[in-house]
Amino acid sequence: MSDNPIIRIENLGKIFPGPDGEFYALEDINLDIRRGEIFGIIGMSGAGKSTLVRCINFLERPTEGTVYFDGQDLSVLTKKELYKVRQSMGMIFQQFNLLMQRTVLSNVCFPLEIAGIDKKKAVERAKELLALVDLTDKTYAYPSQLSGGQRQRVAIARALATNPKVLLCDEATSALDPATTRGVLMLLKDINKRLGITIVVITHEMRVIEEICNRVAIIDKSRIAEVGSVEEIFTRPRTAAAKRLVFPEEHSIEILPGRRCCRIVFDGSSSFEPIIAGMVLDFRQVVNILFADTKNIDGKAFGQIVIQLPDNELIADRMIEYLRGKNLTVEEVDGYV
Amino acid sequence: MFDPSVWTMLGQGLLESIYMTLVSTALAYLFGLPLGIALVITDKDGIHPKETFNWILGLIINLLRSVPFLILLIMVIPVTRAIVGTIIGTNATIVPLVIAAAPFIARLVESSLKEVDKGVIEAAQSMGASSMQIITRVLLPEARPSLIVGGAIAVTTILSYSALAGFVAGGGLGDIAIRYGYHRYQTDVMLITVVMLVVIVQVLQEMGTRLARLGDKRK
């Protein structure tokens, strides 16, 4: 718990009345989101993450517990006070949710209109923001004339218009292709750095978390399963829910029974060199690569590889030692997959 | 083909029909638009869910809509007399037209507003928009093309209703068609009035469609 979090979620629960009795969408959620960080909330669909993000700005009113925004308990606010607070929390969505009958400029002006800001000032501010998201040439276009990535950038500009302290992103890249996703994520990272704005990212994709988040909470079956730094959770997931998200898709890997497998995590502490190939040459024993997803960032290796070790127990043990000696996190996964 | 006086009468009838239709449409929207908005926002998925209120409002609208116009025309005679002071002529016809059209328009408005993406409404709420701001700045502007198409449907329907008012000496082209075509067997006069009505409907509908398309930025 940090001393002065921008968002503190306390014992939060949300019950929806359902056809067969009450349904707990969220149960006993406690989270602190620190000032200036990019905080990820990841979970499978139906885990409750969208409800959780809507509880942060009280679009959904929690049925239990509360949310403190900048020290202010949101549950005691009047409607008008809540409207005011929401102006300090921008939000972007999977489907962008732009006003289709307004130009790009007018969309970015929209939250300023709502806040009652003078039109001339609003236009000025909107143009600044369009420059920030690199869409000046689309100022007078309509959303229907833009690509998905451009629409999301307009939505980001719009969400930033009122100078919010927090930007909530609800599956903001889930409707975008991988290249566009990367562009949007880089923009978010840049905004976080430049404006110091706290960003909360809701997603079901571990890649998004890896790419931009500092810390992450894993939500599973309406509860928080695990919270920690991204490196921590990525290299040493403790709960089953975390493992499910961190590991490559289970069904794509077929492992012969009785043979040992291990997962090697590259967390940037080793240099980008052919470690597996080197090991195979050193031991003169082949390993079967079941899954590999690594990338080279500034000469450092990030990502993971799952290999199947040779039958010989002794060699397998020595291989694990060898990999650990290369500063890699190695764990056996035979019991899991 | 006709006596000039017949043409004068037809011209007069045309103007009366247009007058009745436009005034009735405007007045019917005065009631129908807020009712339509009320239906949408008090719906269980609306921004101000009030299920009982919504159910009662819906019931009243359905009741009014299920009364055949010809019956309504006669049923509301006391109301007409109280408001207009007379029960014949164009102004007297406007009263039943508004009563019949307002609930119909409420449903048209309702269906147009329900086309607005829920996500956009949610986005506005996330910015701290009040319900009034959502209605005036999101729901109505975003539904504009659909509302205009609805308007064209409303105005043409009201025109055809207004023609029925001829049965109770309501003025306009319908009145002429009944008096000359039906009572006096002057089929030619009746046919001319029908042609005129067809032309007005065509023009109004086309205008509505074009206006809607022109103002729609989704394409």
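Each chain gets a letter, A, B and so on, in the order the sequences are listed, and its residues count up from 1.
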Looking at [options], which has the largest count of heavy-atom pairs under 4.5 Å with chain A?
{"options": "B/G215, B/P141, B/A129", "result": "B/A129"}
{"options": "B/G119, B/A123, B/A124, B/S126", "result": "B/S126"}
{"options": "B/D117, B/I121, B/D216", "result": "B/D216"}

Note to self: With a 3.5 Å distance limit and no angle check, can you tell me whether B/E142 reaches the backbone of A/M100 through a side-chain donor-acceptor pair?
What the structure shows: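 Yes; judged by distance alone, with no hydrogens or angles, the pair exists.
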
Margin query: Could you check whether atom CG of B/L14 has more than 12 heavy atoms from other residues, nucleotides or ligands sitting under 6.0 Å from it?
Written below: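 Yes, enclosed.
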
Item checked: Rounded distance (nearest 0.5 Å) linking atom CZ of B/R137 with atom CD of A/E113 ->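 Answer rounded to 0.5 Å: 4.5 Å.
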
Next item on the list: With a 4.5 Å cut-off on heavy-atom pairs, point out which of A/A161, A/S144, A/P143 contacts chain B the most.
Entry: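 Answer, by heavy-atom pair count under 4.5 Å with chain B: A/S144.
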
Item checked: Within residues 59-98 of chain A, residues adjacent to chain B where the heavy-atom gap is under 4.5 Å ->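 Expected list: A/L59, A/K79, A/Y83, A/R86, A/Q87, A/M89, A/M91, A/F93, A/N97, A/L98.
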
Item checked: For B/M127 against A/P111, the heavy-atom pair lying closest together ->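 Smallest interatomic distance, heavy atoms only, reads SD-CB, 3.7 Å.
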
Notebook entry, point to check: Side chain, backbone, both or neither: which part of B/Q125 has an atom under 4.5 Å from a heavy atom of chain A?
Noted result: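 Both backbone and side chain.
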
